[in-house]
Amino acid sequence: MPLGLPDSITACLFDLDGVLTSTAVLHRRAWKRTFDDLLRLRGEPLFTESDYARFVDGRPRYDGVREFLASRGITLPEGAPEDPPDAATVHGVGNLKNDLLEAILRHEGVTPYPGTVRYLEAARAAGLDIGVVTSSANAEKVLDAAGLTGFVQARVDGVVIARDGLKGKPAPDSFLVGARLLGVEPARAAVFEDALAGVQAGRAGGFGHVVGVDRAGQREELLRHGADVVVDDLAELL
């Protein structure tokens, strides 16, 4: 098992936030601020780590808004993608979160996990194809800022998901497109995910190996949702 993967694997499909880069923490902060402001106005309990993991993490932005609001019994009109961030619509809430995230990224920058960089270098040296599959619409900026663009042969991100009308994670559609772009059957590709929705998508797509990356103390949940193996850092697989 080179790189901790079955011998049949010829391609790796990585989630971005929380797997390649530490930006999942920044996403979580932006979501919390967005939802807490809305919940305070309604006198509701504030947004929690559990809410993030169950309803938002790994999903396309507007899907995350819908899932979380539904969990609290809150209904907002859909609105439109161009809604301003102060609009009381699903799209307005999602756009506010994105504005907050972009401000955090500009202020704090992006850091790749050192163990992930080592793993990417090893995967490339072993001749494995590398793709990134993420719900984030900021993927290109994040990869560039983290110095990881050179590793990536195919990218399926939030922009592609919206443009092509793909179902977001936990549906496997985005990973299946990533495999197709790399010219590999799902059974010969490994999925690397830190989100419960992401490992679910990898399992649903019939991928050959699903690696859960536990950045948030949810090892058992990752296994329960479909991971074949769970690590704290990708360097453990080397």
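Residues take their numbers from the sequence shown, with the count starting at 1.
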> Taking ILVMFWY side chains as joined if any heavy atoms are under 4.5 angstrom apart, and letting links pass through other members, which residues group with Leu96?
Replying inline: Leu100

> Quick one: hydrophobic cluster around Val93, which other residues, with the 4.5 Å side-chain cut-off, linked directly or via members?
Replying inline: Trp31, Phe35, Leu38, Leu39, Leu46, Phe47, Tyr52, Phe55, Val56, Tyr62, Val65, Phe68, Leu69, Ile74, Leu76, Val90

What pairs of residues pass the salt bridge (charged side-chain N to carboxylate O under 4.0 Å, His left out) test when at least one of them lies in [range], not counting sequence neighbours?
| range | answer |
| --- | --- |
| residues 227-238 | Arg203-Asp228, Arg215-Asp233, Arg219-Asp232 |
| residues 176-197 | Lys169-Glu193 |
| residues 125-151 | Glu102-Lys141, Glu140-Arg155 |

> With distance as the sole test, does Gln153 use its side chain to make a donor-acceptor pair with the main-chain N or O of Gly131 at under 3.5 Å?
Replying inline: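 Between the backbone of Gly131 and the side chain of Gln153 there is no qualifying donor-acceptor contact (under 3.5 Å).
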
> Which pairs pass ring pair (Phe, Tyr, Trp, His ring centres under 6.0 Å) with one or both residues in residues 116-165, sequence neighbours excluded?
Replying inline: Tyr119-Phe192

> Atom OG1 of Thr89 and atom CG of Asn95: how far apart are they, to the nearest 0.5 Å?
Replying inline: 7.5 Å

> When rounded to the nearest 0.5 angstrom, what distance separates CD1 in Ile161 from CG in Leu166?
Replying inline: 6.0 Å

Does [X] have any side chain to side chain donor-acceptor pair (under 3.5 Å) partners at least two apart in sequence or in another chain, and if so, which?
| X | answer |
| --- | --- |
| Glu108 | Arg29 |
| Asp99 | none |
| Ser22 | none |

> What closest approach, in Å, do Ala53 and Gln218 show between heavy atoms, and which atom pair accounts for it?
Replying inline: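 Looks like CB-OE1, 3.6 Å.
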
Salt bridge (charged side-chain N to carboxylate O under 4.0 Å, His left out) involving [X] - partner list, sequence neighbours excluded:
| X | value |
| --- | --- |
| Glu49 | Arg28 |
| Glu78 | Arg66 |
| Arg118 | none |

